Amino acid sequence: MNHTTEEMMTVAAARALRDGARCFVGIGLPSTAANLARRTHAPNLVLIYESGTIGAKPDHLPLSIGDGVLAETADAVVGVPEIFNYWLQAGRVDIGFLGAAQIDRLGNINTTVIGDDYRAPAVRLPGAGGAPEIAASSKEAIVVLRQSPRSFVERVDFITSVCSGPTTVITDLGVYSPDGDGELALTHLHPGVTEQRAREACGWDLRVPRAPKRTAPPSEGELAALRALAPRRKAAT
């Protein structure tokens with residue numbers, strides 16, 4: 001293969017974003033995938049960041065939601081209360097695009113703590129931020145994360161966010177969607193990934209259709225656009 005597993009995951013996540021949708025973008029992998037989508041098949045994708053930028057069109061990956069390139073290239077910059085009260089909670093956001101440290105079989109997300117004791121966790125994570133509202137109020141949620149038994153768990157250690165709408169989960173191994181009773185089930189395997197490997201990287205008895213589909217590998221154009229997105233850093237003076 002001429003691509004890495006992370007590149008496959010990012011390209012698959014970008015493909016899940018449709019042209020013209022209003023997308024509330026989390027930082028990290030979601031931001032990379034969203035900006036890739038805008039440069040390839042979805043030029044009219046509207047990127048909304050928690051800092052208050054609407055229609056941002058950065059020419060390189062922002063380093064954070066406060067990166068100046070987002071405000072410089074946005075159609076509008078509003079206050080954080082307006083982003084949440086007018087845009088998100090009023091149902092004006094089509095897709096909430098999030099990362100996670102843990103996700104369970106029902107799509108609950110943990111970005112708060114790892115461990116049984118909230119006051120003395122094994123790992124304290126960055127926390128909720130706007131993720132609970134994004135997951136609950138967007139018409140659709142897309143979650144992207146690297147898959148392992150530690151991230152795909154039977155039950156999350158802490159429920160930071162509950163995805164209340166249609167949910168797609170994209171990992172470095174495949175694509176997952178809720179089945180009839182809301183449990184995540186495998187729908188696509190990425191190139192070179194076996195069903196057994198996906199099962200071994202899952203903390204529950206994974207549901208798999210008889211013949212899961214195969215994700216198409218990244219095209220040369222998608223890889224070129226993705227690799228050109230590296231964050232731009234100022235040279236030291």
Side-chain angles (χ1 to χ4, degrees), residues 9-58 61-101 103 106-112 126-145 156 159-171 175-178 182 184 229:
M9 173 172 56
T10 306
V11 168
R15 291 171 180 169
L17 302 174
R18 59 189 178 275
D19 196 25
R22 290 167 291 203
C23 181
F24 207 123
V25 186
I27 209 65
L29 283 172
S31 183
T32 304
N35 279 282
L36 174 60
R38 202 180 60 78
R39 283 164 173 73
T40 52
H41 68 279
N44 299 306
L45 182 69
V46 179
L47 306 186
I48 300 173
Y49 285 84
E50 189 175 339
S51 53
T53 57
I54 301 170
K57 305 172 186 64
L61 286 182
L63 298 177
S64 72
I65 61 171
D67 194 317
V69 70
L70 297 176
E72 292 168 1
T73 61
D75 295 331
V77 180
V78 301
V80 172
E82 181 175 335
I83 281 288
F84 282 90
N85 296 337
Y86 180 81
W87 285 91
L88 184 59
Q89 294 171 357
R92 292 181 169 89
V93 172
D94 298 311
I95 300 170
F97 201 6
L98 298 168
I103 193 166
L106 297 178
N108 297 311
I109 296 172
N110 176 19
T111 57
T112 302
E133 291 83 3
I134 296 169
S137 298
S138 300
K139 296 175 183 176
E140 176 184 355
I142 297 175
V143 183
V144 58
L145 75 164
V156 293
I159 298 178
T160 307
S161 309
V162 177
C163 292
S164 59
T167 305
T168 301
V169 179
I170 300 167
T171 77
V175 180
Y176 300 79
S177 295
L184 290 176
L229 271 174

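This is a predicted model, so every value here is computed, not measured.
Side-chain contact check for Pro43 versus Asp19: some heavy-atom pair is nearer than 4.5 Å. Annotation: side chain of Leu17 is not in contact with side chain of Arg38 (no heavy-atom distance under 4.5 Å). Within the 4.5 Å cutoff, side-chain heavy atoms of Thr168 are placed close to those of Ser177. The shortest distance between side-chain heavy atoms of Val156 and Ile109 does not fall below 4.5 Å. Taking the side chain as every heavy atom from C-beta outward, Arg22 and Lys139 approach each other to under 4.5 Å. Side-chain atoms of Ile54 and Val77, non-hydrogen and from C-beta on, never get closer than 4.5 Å to each other. Contact of the Leu45 side chain with the Leu47 side chain is registered, since non-hydrogen atoms from C-beta on lie closer than 4.5 Å. Considering only heavy atoms from C-beta on, Leu184 comes within 4.5 Å of Pro178 through its side chain.
Atoms CZ and CG, from Arg39 and Leu229 in turn, are 4.5 Å apart once rounded to the nearest 0.5 Å.
Across all their heavy atoms, Thr111 and Gly99 have their closest contact at CG2-O, 4.1 Å. When all heavy atoms of Val144 and Met9 are compared, the closest pair comes out as CG2-CG, 3.7 Å. In terms of heavy atoms, Ala33 sits closest to Ala14 at O-CB, 3.3 Å. Of all the heavy atoms in Glu50 and Val80, the pair that sits closest is O-CG2, 3.5 Å. When all heavy atoms of Val143 and Ala100 are compared, the closest pair comes out as CG1-CB, 4.0 Å. Contact between Ala13 and Ile170 at its shortest, heavy atoms only, is CA-CD1, 3.4 Å.
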- [ ] Starting from the C-alpha separation in whole Å, work towards a yes-or-no answer on side-chain contact (heavy atoms from CB on, under 4.5 Å) for Arg15 and Thr40.
- [x] CA-CA 9 Å; Arg15 291 171 180 169; Thr40 52; over 6 Å; no

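With hydrogens and angles ignored, the 3.5 Å screen pairs no side-chain donor or acceptor of Ser137 with any backbone N or O of Gln89. Between the side chain of Ser51 and the main chain of Gly66, no donor-acceptor pair closer than 3.5 Å is present. Within the 3.5 Å criterion, the main-chain N or O of Leu145 finds no donor-acceptor partner in the side chain of Thr171. Looking at Thr112, its side chain never comes within 3.5 Å of a backbone N or O of Thr160 through a donor-acceptor pair.
Exactly one residue among Leu61, Ile65, Asp67 makes a side-chain contact (heavy atoms from CB on, under 4.5 Å) with Leu63. That residue is Asp67. No option in Leu88, Ile48, Val93 other than Leu88 meets the side-chain contact (heavy atoms from CB on, under 4.5 Å) test with Ile134.
With sequence neighbours excluded, the residues satisfying side-chain hydrogen bond (donor to acceptor under 3.5 Å, both in side chains) with Tyr49 are Ser31, Asn35. Shown here are the side chain to side chain contact (heavy atoms under 4.5 Å, CB included) partners of Ala141, two or more places apart in sequence or in another chain: Cys163, Thr167.
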